[in-house]
Amino acid sequence: MANELRGRRVAILAADGVEQVELEQPRQAVEQAGAEAELVSVHSGQIQAMNHDIDPGDRFTVDREISDASADDYDALILPGGTINPDNLRRDARAVEFVRGFVAAGKPVGAICHGPWTLVEADVVRDRKLTSFHSIRTDIRNAGGEVVDEEVVVDRGLVTSRSPRDLPAFNAKIVETFAAG
């Protein structure tokens with residue numbers, strides 16, 4: 001992973017409660033592959049990351065507020081998980097529309113763990129195969145998606161994984177998919 005993503009811009013959409021490792025490791029993977037990654041959030045300043053949803057992690061500086069961002073500004077999108085993070089995102093109409101814009105434009109999206117909750121809210125999982133953390137699989141099925149229990153799943157530019165233990169496979173696959181997209 002050296003230059004596959006040179007010249008590409010990747011948005012990482014996250015809010016307070018993001019699972020720290022699911023923000024840091026994918027960001028590192030795309031940056032090591034040459035991409036410019038920006039942390040986009042529902043508010044400016046910093047967001048509070050968590051470890052295992054209960055222990056506060058680090059705070060991360062937001063590069064761009066969602067109100068100043070568009071899918072047109074980026075080549076790909078990463079949706080990290082954590083339980084609280086996607087719940088905050090799916091309650092924000094601007095964040096939901098941002099996600100919908102990537103899918104409508106055919107741009108690749110990577111979502112891990114609880115990250116697909118935002119995809120469900122954006123109504124973009126219908127007739128797609130994906131995976132996620134086990135507790136949100138019913139939501140995905142109810143939204144018309146086909147859920148499988150695999151380390152990483154790719155369906156028409158949508159890359160999904162189940163949990164932090166899948167990060168090595170997820171990171172490799174988002175770099176590959178983002179490079180092809």
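Starting from 1, each residue takes its place in the sequence as its number.
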Asks: For E176 and K173, what are the C-alpha separation, side-chain angles and deciding distance, and is it a salt bridge (charged side-chain N to carboxylate O under 4.0 Å, His left out)?
Replies: CA-CA 5 Å; E176 176 186 321; K173 194 55 79 173; 3.4 Å; yes
Asks: Are side-chain heavy atoms of P80 and I78 found at a separation under 4.5 Å?
Replies: yes
Asks: So with a 6.0 Å cut-off around CZ of R9, is the heavy-atom count from everything else above 12?
Replies: yes
Asks: Is any side-chain heavy atom of F60 less than 4.5 Å from a side-chain heavy atom of L23?
Replies: yes
Asks: Please list, chain by chain and in numerical order, all residues satisfying salt bridge (Lys or Arg N to Asp or Glu O under 4.0 Å) with K107, sequence neighbours excluded.
Replies: none
Asks: Could you tell me the separation between the CD atom of Q46 and the CG atom of D58, rounded to the nearest 0.5 Å?
Replies: 10.0 Å
Asks: If you draw a 6.0 Å radius around NE2 in H52, do more than 12 non-hydrogen atoms from other residues or ligands fall strictly inside?
Replies: no
Asks: Rounded to the nearest 0.5 Å, what's the gap from CZ on F178 to OH on Y74? Could you check?
Replies: 13.5 Å
Asks: Answer whether the closest heavy-atom distance between the side chains of E31 and Q28 falls below 4.5 Å.
Replies: no
Asks: L5 and A179: which non-hydrogen atoms are nearest, and at how many Å?
Replies: CD2-N, 3.4 Å
Asks: Hydrophobic side-chain clustering at under 4.5 Å (ILVMFWY, transitive links): who's grouped with I54? Put none if nobody.
Replies: none
Asks: Ignoring hydrogens and geometry beyond distance, is a side-chain donor-acceptor pair present between H114 and D87 at under 3.5 Å?
Replies: no
Asks: Does any non-hydrogen side-chain atom of T83 lie less than 4.5 Å from one of W117?
Replies: yes
Asks: Is a side-chain donor or acceptor of R8 paired with a backbone partner of A35 at a separation under 3.5 angstrom?
Replies: no
Asks: Is a donor on one side and an acceptor on the other found under 3.5 Å between the side chain of R128 and the backbone of D155?
Replies: yes
Asks: Is the shortest side-chain heavy-atom distance between L79 and L119 below 4.5 Å?
Replies: yes
Asks: Does the N85 side chain pair with the main chain of G82, one donor and one acceptor, at a distance under 3.5 Å?
Replies: no
Asks: Indicate yes or no: at least one non-hydrogen side-chain atom of R162 is less than 4.5 angstrom from one of D149.
Replies: yes
Asks: Any sub-3.5 Å donor-acceptor pair from D63's side-chain atoms to V40's backbone N or O?
Replies: no
Asks: State the CG-CZ distance between N142 and R137, to the nearest 0.5 angstrom.
Replies: 14.5 Å
Asks: When rounded to the nearest 0.5 angstrom, what is the spacing between CD in E121 and CG in D92?
Replies: 10.5 Å
Asks: Find the distance between SG (C113) and CD1 (I136) and round it off to the nearest 0.5 Å.
Replies: 7.5 Å
Asks: For I174 and G110, which heavy atoms make the closest approach, and how far apart are they?
Replies: CG2-CA, 4.0 Å
Asks: Check for a donor-acceptor pair, side chain of Q20 on one end and backbone N or O of N51 on the other, with a separation under 3.5 Å.
Replies: no
Asks: When rounded to the nearest 0.5 angstrom, what distance separates OG1 in T131 from CD in E151?
Replies: 10.0 Å
Asks: Please walk me through it: do R100 and E97 pass salt bridge (charged side-chain N to carboxylate O under 4.0 Å, His left out)?
Replies: CA-CA 5 Å; R100 193 177 292 127; E97 188 55 38; 2.7 Å; yes
